[in-house]
There are 2 protein chains.
Amino acid sequence: MEQRIDRIKNQLHSKSYKLTPQREATVRVLLENEEDHLSAEDVYLLVKEKAPEIGLATVYRTLELLNELEIVDKINFGDGVSRYDLRKEGAAHFHHHLVCIECGTVDEIQDDLLGEVEKVVEKDWNFKIKDHRLTFHGVCHRCQNAGEESEAEKKPKKRNQVKVR
Amino acid sequence: MEQRIDRIKNQLHSKSYKLTPQREATVRVLLENEEDHLSAEDVYLLVKEKAPEIGLATVYRTLELLNELEIVDKINFGDGVSRYDLRKEGAAHFHHHLVCIECGTVDEIQDDLLGEVEKVVEKDWNFKIKDHRLTFHGVCHRCQNAGEESEAEKKPKKRNQVKVR
DNA sequence: ATTAATAATGATAATTAATACCACTTTATA
DNA sequence: TATAAAGTGGTATTAATTATCATTATTAAT
Ligand SMILES: [Zn+2]
Ligand SMILES: [Zn+2]
Ligand SMILES: [Zn+2]
Ligand SMILES: [Zn+2]
C-alpha cells in the first residue's frame, strides 16, 4: 500500500505534479476500494470521511489527473455516470468487465482475452490500437444458480465480485 | 427502406405499441443516418426538419422504446452523451467500434470478432452473455497516413466512416 | 355515433453529472 | 522576503436526461 503510493507519487513528480494531501487521500480511497467501480461522487463521499475539508471539484480534478497519467481508467457502464478503475500495476491492457443484468454486480476479467482480436484489427483495419473497452452484459454465475446452491461445477473458475453503485 | 419500416412497425405492434407519425419520423431519421452514431439531440434536430412539431421528450421516449425492442443499441463512447445505433437486421451480435483519438471518427466493424472469446467467458466464468460492447481507441488509418496518401497497402480492407458529433 | 378509458405527445420544470469560475491558500523560485 | 505558479474549495453554470402535466389522439365499450 505505502509502496504503491510512493510509486504513484513518483509518477506524479515525473510529470511535475505534486502529491498533495487531497490527492493522496483520494488515491488511498481508490486503493482501499480497488475492487469497486466508484463514481466521482462515491469517491468524494469516501474521501470526506478522512479529509472532510476536501471539495468535490478537487476530487474531479484529481480523478481527471490520474486518468491522464493512466493510473486510473474511466469507464461507463451505461448508467449515466463515469466510474474510475485503478489500473493494475504492470497490466499490459485494461481489464474486462461482466455486468450482471439481474443483480447489477460487476465482475472483472484480468486475463488478456483480446490478443488475437487486436492483431486482426491492427492488420485488417490498419488501426493503431491504444486502448480498449470490453464489457459483457448478461447473467452472472450467482444469479444463474439462484436456488440450487450446491453443484460445485457451476462455480466459475475465477471470480472477483464488484458492485456498481 | 419502406419494407424495413414495415418490419419495425410489426415489431412495435407485436408488443402492442403503435408506429405513430412521430415514431415513424424518428425511425426514418435513424435509417437515413444508419452509418452515424447520433445523440438524442442530433436525432431531434434531424427529425424537426421533417416534423417540426415534434418534441424533444418524444424523441427521447421513442429512442428508449426502440432500445427496449432491441431495434437500436444505446452506446456511450465516453464523451458524456448516449448515442443510438440501429441494430443491423439479422446481425447476431452488436457490432464493434474503432474510435480515432486524433480525428474523432468512429468506424464500425461488423465482423464477429468475439466468438471464441465469448465461449471462454461463458465456460470459465459461467456467465450467460446477453450482449457486449467492444470499442477500440486508437489512431485510424486516415490519421496514420497523414501526408503520405499513396501507399495502397496501408488502406484498410474494410471501412465504414462514421462521425461522432 | 357517443362516451369512456387508454395511449401518446409537447412544453416545460426538475434533476443531476460534470465543468467553469474565482477568490484564497500553499508551494516553489528568484 | 517578494513574486510567481500550482492547487484548492465553494459555488455558479452547463448540459443531458428524466419527470410532470395538461392536451390530443386512439381504441374499446355502450
Ligand atoms: Zn474494473
Ligand atoms: Zn447477478
Ligand atoms: Zn455502430
Ligand atoms: Zn483519425
Side-chain angles (χ1 to χ4, degrees), chain A residues 8-9 11-29 37-69 72-85 164-165, chain B residues 8-9 11-29 37-69 72-85 164-165:
Chain A
I8 289 174
K9 179 193 266 188
Q11 284 182 263
L12 288 170
H13 286 170
S14 75
K15 293 266 171 56
S16 310
Y17 292 112
K18 286 165 267 190
L19 184 65
T20 63
Q22 292 90 339
R23 287 176 182 167
E24 181 172 335
T26 302
V27 168
R28 281 185 189 279
V29 162
H37 295 83
L38 304 175
S39 67
E41 187 77 26
D42 293 336
V43 173
Y44 173 62
L45 293 174
L46 288 168
V47 175
K48 279 203 94 163
E49 292 176 5
K50 305 158 122 187
E53 75 293 350
I54 200 169
L56 177 59
T58 299
V59 170
Y60 269 102
R61 281 185 293 239
T62 300
L63 292 172
E64 197 52 44
L65 176 62
L66 294 173
N67 185 232
E68 275 173 37
L69 298 186
V72 303
D73 285 298
K74 195 193 280 200
I75 189 165
N76 185 308
F77 292 120
D79 62 346
V81 294
S82 292
R83 295 176 183 281
Y84 297 85
D85 212 354
V164 172
R165 244 177 238 290
Chain B
I8 289 173
K9 180 193 266 189
Q11 285 182 264
L12 287 171
H13 286 170
S14 74
K15 293 267 172 52
S16 310
Y17 293 112
K18 288 165 267 189
L19 184 63
T20 64
Q22 292 89 340
R23 287 174 182 168
E24 181 172 336
T26 303
V27 168
R28 282 186 188 278
V29 162
H37 295 84
L38 304 175
S39 67
E41 186 78 25
D42 294 336
V43 173
Y44 173 61
L45 293 175
L46 288 168
V47 176
K48 279 202 92 164
E49 291 177 8
K50 307 158 124 191
E53 76 292 349
I54 201 169
L56 177 59
T58 300
V59 171
Y60 268 102
R61 281 185 292 239
T62 300
L63 292 172
E64 198 52 45
L65 176 61
L66 294 173
N67 184 231
E68 275 173 39
L69 298 185
V72 303
D73 285 298
K74 195 194 279 198
I75 190 166
N76 185 308
F77 293 121
D79 62 346
V81 295
S82 291
R83 294 175 185 281
Y84 297 85
D85 213 352
V164 173
R165 239 175 242 292

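Please read all numbers here as calculations on a predicted model, not as lab measurements. Here is how names work: the chains are called A, B, and so on, in the same order as the sequence lines, proteins then strands, and each is numbered from 1.
With contacts defined as side-chain heavy-atom distances shorter than 4.5 Å, the pair L65(A)/L12(A) qualifies. Contact annotation: the side chain of L69(A) approaches that of K15(A) to within less than 4.5 Å [non-hydrogen atoms, C-beta and beyond]. Residues I54(B) and K48(B) meet the side-chain proximity criterion, which asks for heavy atoms closer than 4.5 Å.
When every heavy atom of V72(B) is checked against every heavy atom of N67(B), the shortest pair comes out as O-ND2, 3.0 Å.
Protein atom CZ of R83(B) is 14 Å distant from nucleotide atom C1' of dA15(D), rounded to whole Å. Separating the CD atom of E64(A) from the C1' atom of dA6(D) is a distance of 17 Å, rounded to the nearest angstrom. A straight line from CD1 of I75(B) to P of dA16(D) spans 18 Å, rounded to a whole angstrom. Taking atom NE2 of residue H13(B) and atom C1' of nucleotide dA7(C), one finds them 13 Å apart after rounding to whole Å. Distance CD (E53(A)) to P (dG7(D)): 17 Å, rounded to an integer number of Å. At whole-Å resolution of the value, NZ in K74(A) and C1' in dA18(C) are 9 Å apart. Atom C1' of nucleotide dT8(D) and atom CG of L56(A) are separated by 13 Å, given to the nearest angstrom. As rounded to whole Å, 17 Å separates atom C1' of dT27(D) from atom OH of Y17(B).
As judged by a 4.0 angstrom heavy-atom cut-off over every strand, E41(A) is placed among residues making no nucleic acid contact. At the heavy-atom level, I54(A) lies under 4.0 Å from the strands shown only through sugar-phosphate atoms. If you check every strand for non-hydrogen atoms under 4.0 Å, S82(B) touches sugar and phosphate atoms only.
By the 4.0 Å N-to-carboxylate-O rule, K9(A) lies too far from E24(A) to be salt-bridged with it.
Side-chain N/O atoms of Q22(B) include none lying less than 4.0 angstrom from OP1 or OP2 on dA8(C). Under 4.0 angstrom from either OP1 or OP2 of dT19(C) there lies no side-chain N or O belonging to Y60(A). The shortest distance between the side-chain N/O atoms of T58(B) and the OP1/OP2 oxygens of dG10(C) is below 4.0 Å. Residue S39(B) places no side-chain N or O under 4.0 Å from the OP1 or OP2 atom of dA16(D).
No donor-acceptor contact under 3.5 angstrom links the side chains of T26(B) and R23(B), judged on distance only.
For dT3(C), the paired nucleotide is dA28(D), the pair qualifying as Watson-Crick or G-U wobble because both relevant distances are below 3.5 Å.
Residues passing the side-chain hydrogen bond (donor to acceptor under 3.5 Å, both in side chains) test with K50(A) are E32(A), sequence neighbours excluded.
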Letter per nucleotide, 5' to 3', of nucleotides 21-30 of chain C [B base touched, S only sugar-phosphate touched, - untouched; heavy atoms, 4.0 Å]: B-----S---
